Amino acid sequence: MLVTPSHAIVRPPGSSYSSCLREQPVAIDAELARSQHDGYVAALREAGIVVEVLPELPNAPDGVFVEDTAVVLDSCALVTRPGAPSRRGEVETIAAALEGRREVTIMQAPATLDGGDVLRFDRWLVVGLSRRTNRAGLECLARLAAIDGLEVVAVRVNDGLHLKSACTLAGPEIMLVREADLELGALARLPLERVAVPEAAGANVLALADRVIVSSAAPRTAELLARRGLSLRIVELSQIHAGDGALTCMSLRLAPAGAWTV
Ligand code: GLY
């Protein structure tokens with residue numbers, strides 16, 4: 001059963017955020033990004049999630065995107081080796097934050113993996129092979145996933161930063177997808193309804209047990225989900241999208257024992 005996470009780990013965008021990696025050289029307002037991050041944390045807390053806010057990391061412009069630095073499973077967690085070399089200094093504090101909560105494994109070279117390429121669905125982990133995640137990274141995660149009885153399903157990411165830039169769950173059985181960005185054949189055997197999203201920012205939503213957090217940049221996706229009877233919580237993320245980020249990338253979420261969360 002998809003549940004609301006009991007805990008989430010976040011890190012606010014720091015003063016160097018405007019130098020973060022991004023495809024398009026759009027200007028970023030770091031102060032506005034910080035206030036949008038506050039709004040995101042408020043939305044998590046409203047849902048009953050205990051949020052741990054890590055201190056800013058100096059010289060880590062992408063440090064706000066904590067999801068990329070670890071994959072938290074049921075009994076264990078993999079601290080990743082991010083695909084972008086400039087992001088590898090982010091992992092130490094994440095490993096420390098996860099110690100005592102899960103059995104922590106640290107990924108080693110040549111493997112690379114960004115958590116943004118990993119989508120949990122029940123007993124499966126859908127893993128994107130992307131510019132950031134290589135086959136060795138996927139295999140490292142698959143070995144760990146087997147400890148918790150989880151199976152990895154590989155999906156090629158043709159366009160965009162991560163798997164979850166192009167698909168996320170909106171509920172326990174609904175996957176929102178930007179179909180052109182992924183090779184979806186491997187997903188056919190998963191018992192999921194796939195729904196094409198009408199706008200890019202709609203592909204990344206954050207599904208909790210009783211609501212879906214959606215970016216205000218995705219009004220048509222919000223309408224589509226509302227028509228299906230889902231409760232929505234809309235947040236402003238313009239400066240996070242400007243840094244190629246979205247809803248899921250800004251937190252590491254931990255499920256209570258015996259349940260799973262996205
Ligand atoms: N700015 C997000 C990333 O490139 O990792």
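For ligands, and for the atoms within them, numbers begin at 1 and follow the listed sequence. Since the model is a prediction, treat every value here as computed from it, not as a measurement. Excluded from the calculations below are hydrogen atoms, water molecules and symmetry mates; all remaining heavy atoms, backbone and side chain alike, are included.
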| task | Please name all residues satisfying side chain to side chain contact (heavy atoms under 4.5 Å, CB included) with Ser16, sequence neighbours left out, ordered by chain then number. | result | Pro61
| Does a donor on one side chain sit under 3.5 Å from an acceptor on the other, for Asp117 and His162? | no
| message | One thing to verify: whether Glu199 and Arg178 come together as a salt bridge, which I'm taking to mean a side-chain N less than 4.0 angstrom from a carboxylate O. | response | no
| Cluster link Val155 to Leu141, ILVMFWY, side chain under 4.5 Å | no
| note | Under 4.0 Å from ligand 1, residues with heavy atoms, in chain and number order, are Leu21, Asp62, Phe65, Arg87, Arg132, Leu161, Gly243
| Side-chain donor-acceptor pair under 3.5 Å between Ser75 and Glu103, yes or no? | no
| query | Between CH2 of Trp260 and CH2 of Trp124, what distance do you get to the nearest 0.5 Å? | reply | 10.0 Å
